[in-house]
Number of protein chains: 2
Amino acid sequence: MSQEKIRNMDEFAALCGISRPTISKYFNDPNSVRPSTRDRIEAALKEYDYRPNIYAMNQNRRLTKNIGIVVPYLADPFFAEIARVIERRCIDAGFTPTLFSSHGEPGQETAILDTLRSLRPAGVLLAPLGRASDRKHIEEFCRDVPTILFDSNIEGVGAAFVGSDNFSFVSQTVEYLSRTGSAPCFFEMRDPANPNANKRRHAYLEMMRRLNLEPHLIKIDGTGWGFEEIGRTGALKVLKQDLLPTDTVLCSNDRLAIGVLSACHELGIRVGREEGCTIRIASHDDHPYSRFTCPSLTTAAHDYEAVSDHAVETLFRLIEAGGRLETREETLFAARLIMRASA
Amino acid sequence: MSQEKIRNMDEFAALCGISRPTISKYFNDPNSVRPSTRDRIEAALKEYDYRPNIYAMNQNRRLTKNIGIVVPYLADPFFAEIARVIERRCIDAGFTPTLFSSHGEPGQETAILDTLRSLRPAGVLLAPLGRASDRKHIEEFCRDVPTILFDSNIEGVGAAFVGSDNFSFVSQTVEYLSRTGSAPCFFEMRDPANPNANKRRHAYLEMMRRLNLEPHLIKIDGTGWGFEEIGRTGALKVLKQDLLPTDTVLCSNDRLAIGVLSACHELGIRVGREEGCTIRIASHDDHPYSRFTCPSLTTAAHDYEAVSDHAVETLFRLIEAGGRLETREETLFAARLIMRASA
DNA sequence: ATATATTTTTGACGCGCGTAAATAAATGGC
DNA sequence: GCCATTTATTTACGCGCGTCAAAAATATAT
């Protein structure tokens, strides 16, 4: 590696003995230049370690290679994991993804979208906060920037939605639980921030109706994204007052369930389907930690890979199509029941 | 809000009735223009919703307002949380932070640094992978870009290091455990990826020497960043073979401890300091989930706020000083013992 | 060898803004 | 109302690269 620092493409082109426009062409698509030319450029690249200035590149390109990824809450390992997979897919496809977290705050979400505008991304993968989102602001953003929604849908907004089929989650857990023991009650937040929660409640009610069982909704108080703590305090209250209508609790999501497990432990209530256990707990999402809870959590798993892959692929199609799809697509992936010790 | 789309600063300046250089000055520092001028600009800003093109701005500025934040593993809520705090501080100071995760892979880490170069950041906050990091590559990067290391130190690399005082963590847990029960053994990975782990082991040995107690190291196999699973399988092995020298286990970090708790539960071993419990488990970090484990985890907590604040403040000083500090500073913050149910 | 298709080079322009120097205008104190 | 000071404007140039059209060079087919 030579010591000399190359300042710009002109200097690099001169060192290659190739014209600058050809170098420019190479960087936009190495396969667009003749193999012999490509070899000469790549040899020089090893020698001098030059990289074109991103800002100058993106300024003039009609379309950047940027992709924005927005998740509602990165401190939730579920979103951290799905963001990781999506990031990798984008990099492999030659894009430069940038990851943002709304940190559970609608203000942050709109601020991120504003920032994203000036990044001039080719496309955006957005998992909205949900109910708290500023719908109008997101709608406006989607009009200007090709955007795929994932995880949490906003009807009619964005070019497509990719997520999980909430009915598939709940139908499997309800069916399993009521087949192997008493029918579950449904444990959830009173005002869930995420629209998936509402869909899961409806799915629960529908499933109980089909099975001819009496539904029980347990709605607990709490706001924000500290679901474990909300689940814990809510469960403590319910359990202490002995308000549980059945010995089987189906939580809306794993993070709530982690809180419920914690409350049960505090109160000395044994959870599981073994002998000596007085309560069964199950849930949805297959959160990365749910296999390490005590007891390990029976849950319905997202098809992470399928959701990530399909969201990214749809975005690429959208970008290639110039930012518009004929119709707004909605794709839902089925869940997989994961039987562990808690139910 | 008017409908007309403004294409560039010239158009916006014309609509304001103010010259473009003055507008440019305003965007670089709103306080650098006369209040009456500022008001006119801001009135027009509301009217027309113009934002300068980031790429054109950064291209010519000697110093961008970009800050890079790199953490080793974003799916770990510990890093997600610290990244969140740091991000906020940067935004409040008028910078544009960009968050990257090395995803536990050295290749990713070097790739991120390469990407960061072309972002021309004013400064970078880097939490290296640790032992697996490509030291030379990071060193070279730090020569070109003002960088503060945090969480995990690499001797002599970067302008400063900000982290937690591992001795403070371990001395408190060891002191507490041996005062309230039998002395702890130390549970850790055989080849820890993170240098903090080594410091913690040394601190344990030193503390046991001072207290005149016999140390026991339990080294378990496993590589990568799936610490919970590594802790779980390691603990299962140790517990099944009854290799535990004491009834008190001090884990190197909370994620390992979560795995150990999981193993204990599987084997029907009751953990805690209550009657009927046969083992105590404590740990270090105060991982966001450690209060929801069953039982809740006694641990030593990082001073998240102090570490984040000091890291960011040091970076700002570094940037203002033109990228060089007189001497390489190393700042360590003490831990706080959090007594919960597990020990 | 010649004609045709493909690739590269040349030269030129523009992107949107930073920045510097010189000039003009506004402000503030007396 | 005058002068010194601060602030704004004008003018001009440059950043590093994308992109286009026309000309030149090269590769491929006949």
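Order of the sequence lines sets the chain letters (A, B, ...), proteins ahead of strands, with each chain counted from 1.
Taking side-chain N and O atoms only, B:Thr22 has a distance below 4.0 Å to OP1 or OP2 of D:dT9. For A:Tyr50 and D:dG16, the shortest distance from a side-chain N or O to OP1 or OP2 is not below 4.0 Å. Contact check, A:Asn28 against D:dG18: a side-chain N or O comes under 4.0 Å of OP1 or OP2. A sub-4.0 Å separation between OP1 or OP2 of D:dG18 and a side-chain N or O of A:Ser24 is present. For A:Thr37, a side-chain nitrogen or oxygen approaches OP1 or OP2 of C:dT8 to under 4.0 Å.
Atom P of nucleotide C:dC17 and atom CE of A:Met57 are separated by 20 Å, given to the nearest angstrom. Spacing between atom CZ of A:Arg120 and atom C1' of C:dC15 amounts to 9 Å, rounded to whole angstrom units. The CD atom of B:Glu11 sits 11 Å away from the P atom of C:dC15 (whole-angstrom rounding). One can place CG of A:Asn53 at 14 Å from C1' of C:dG18, the figure rounded to the nearest angstrom. Note: CG (A:Leu63) to P (D:dT19) measures 10 Å, nearest angstrom. Spacing between atom CD1 of A:Ile23 and atom P of C:dT7 amounts to 17 Å, rounded to whole angstrom units. Rounded to whole Å, the distance from OH on B:Tyr26 to P on D:dT7 is 17 Å. Atom CD of B:Gln59 and atom P of C:dT19 are 12 Å apart (whole Å).
With no hydrogens or angles considered, no side-chain donor-acceptor pair links B:His137 and B:Glu109 at under 3.5 Å. Under the 3.5 Å distance criterion, with hydrogens and angles disregarded, no donor-acceptor pair is assigned to the side chains of B:Arg20 and B:Asn8.
Aromatic ring pairs are classed by plane angle as parallel below 30°, tilted from 30° to 60° and perpendicular above 60°; the pair B:Phe12 and B:Phe27 is tilted.
Two rings, from B:His310 and B:Phe333, have their centers less than 6.0 Å apart. Aromatic ring centres of B:Phe316 and B:Phe95: separated by under 6.0 Å.
Among the nucleotides D:dC17, C:dT8, C:dT19, the one closest to the side chain of A:Arg34 is C:dT8. Closest to the side chain of B:Asn8, from the set D:dT10, C:dG16, C:dT8, is C:dG16. Considering only side-chain atoms of A:Met9, the nucleotide from C:dC17, D:dC17, D:dA8 that sits closest is D:dC17.
Within the 4.5 Å cutoff, side-chain heavy atoms of A:Arg317 are placed close to those of A:Glu329.
Between the side chain of A:Arg20 and the base of D:dG16, no donor-acceptor pair of N or O atoms lies under 3.5 Å. Residue-to-nucleotide contacts include a donor-acceptor pair under 3.5 Å from the side chain of B:Asn60 to the base of C:dC17.
Within the 4.0 angstrom heavy-atom criterion, only backbone atoms of the sugar-phosphate kind lie near A:Pro52; the bases stay farther away.
Nearer to the 5' terminus of DNA chain C, by closest-nucleotide assignment, is the contact made by B:Lys25 (compared with the other of B:Lys25 and B:Ser36). Nearest-nucleotide assignment on DNA chain D puts the 5′-proximal partner with B:Ser19, out of B:Ser19 and B:Ala56.
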